[in-house]
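Here is the structure we will look at.
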Amino acid sequence: MNNQAIGLIDSGYGGLSLAKELKRLLPLETLLYFGDNARAPYGNQELSQVEVMIHQLADFLIEEGVKAIVVACNTGTVAALDSLVKRWDIPILGVIDGGVEAAVQTTQNKKMGLIATRGTIESQVYPQKIKALDPDIIIYEKACPHLVDLVESGQLSGVKVDSLVASQLEPIKQAGVDSLILGCTHFPLLSQPIQKYMGSAVSLVDPGVNTIQELANQLKDLDLLAEERQGEDLYYTSGDPLAFARLASQWLALEDVQVSEINIGGA
Ligand code: DGL
């Protein structure tokens, strides 16, 4: 048993998709979240730079005493998961393995879409891992940085969102996929407009869901699950705390979200 908090890190609002799942599955756990909104998006930056930034966020939360960290960012997972795991002796999870596993189990026609940041797409980590499990799967992939920008500007629905979703996803829809990996943690915040555009026959795969389940399994195995909440969840942002509180309370359906502004890496 361990009542210390769990740390979630992302370039900005994307990790809130995992925060929601964490609060659903593990309601007794306390959450410390770090959204590096001031330096988002990460997906267009060099992976070596993303690695440095992810380590800065993790260092901060480890200093705050978290018992485990989820890198709630696909780009961050590609860039920094291996070096974080080598560096620290607490459970540290990324989002990609959970996404790969869920995606392979979901597709029936073996035509799969993948949307992610440029960094994640260029790394080719998803196709490599998926094809290692099932070489017959064909993956139609597309970098969609504009969808990250939408979420970072607080727009989760409306006419502009619908039309941008349609223009970004059109080639993947045309390819006849039966499943679509939301390979950037910002995208589950747009799952309603994405599902509406792709149609109900296409299954959306949110890697965060399996990731939080895996976190729960690891904490249980290590006897680190909380027995009671340690205090309030706390959300740190390097960006605008009011904008963060607005979007987080809307997405998490909470009246009050405690947000603290923080300067990181000289940002
Ligand atoms: N949410 C992140 C991801 O899953 C990064 C988005 C961005 O900052 O570009 O890749």
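Computed from heavy atoms alone, side chains included, the values below leave out hydrogens, waters and symmetry copies. Indexing begins at 1, ligand by ligand and atom by atom, following the structure's order.
Sequence neighbours left out, the pairs with a member in residues 60-117 that pass ring pair (Phe, Tyr, Trp, His ring centres under 6.0 Å) are Phe34-Phe60, Phe60-Tyr236.
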Show me the donor-acceptor pairs within less than 3.5 Å that the side chains of residues 136-145 make with the rest of the protein, sequence neighbours left out.
from   : atom 1 : to     : atom 2 : distance (Å)
Glu141 : OE1    : Gln124 : NE2    : 3.4
Glu141 : OE2    : Gln124 : NE2    : 3.1

Hey, can you pull the donor-acceptor pairs under 3.5 Å for the side chains in residues 241-255, sequence neighbours left out?
from   : atom 1 : to     : atom 2 : distance (Å)
Ser249 : OG     : Ala245 : O      : 2.8
Ser249 : OG     : Arg246 : O      : 3.3
Trp251 : NE1    : Leu16  : O      : 2.9

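Exactly one residue among Lys23, Lys220, Lys67 makes a salt bridge (charged side-chain N to carboxylate O under 4.0 Å, His left out) with Glu29. That residue is Lys67.
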Begin with the C-alpha distance, continue with both residues' side-chain angles, and end with the deciding distance and a verdict on side chain to side chain contact (heavy atoms under 4.5 Å, CB included) for Ser157 and Gln192.
CA-CA 8 Å; Ser157 61; Gln192 280 184 7; over 6 Å; no

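The closest side-chain heavy-atom distance from Pro41 to Thr117 is not below 4.5 Å.
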Every pair of nitrogen or oxygen atoms between ligand 1 and the protein that is under 3.5 angstrom apart - can you list them with their distances to 0.1 Å?
from     : atom 1 : to     : atom 2 : distance (Å)
ligand 1 : 1 (N)  : Asp10  : OD1    : 3.0
ligand 1 : 1 (N)  : Thr185 : OG1    : 2.8
ligand 1 : 1 (N)  : His186 : ND1    : 2.8
ligand 1 : 4 (O)  : Asn74  : N      : 2.7
ligand 1 : 4 (O)  : Asn74  : ND2    : 3.2
ligand 1 : 4 (O)  : Thr185 : N      : 2.8
ligand 1 : 4 (O)  : Thr185 : OG1    : 3.4
ligand 1 : 8 (O)  : Ser11  : OG     : 2.6
ligand 1 : 8 (O)  : Tyr42  : N      : 2.6
ligand 1 : 9 (O)  : Tyr42  : N      : 3.3
ligand 1 : 9 (O)  : Gly43  : N      : 2.7
ligand 1 : 10 (O) : Asn74  : N      : 3.4
ligand 1 : 10 (O) : Thr75  : N      : 3.0
ligand 1 : 10 (O) : Thr75  : OG1    : 2.6

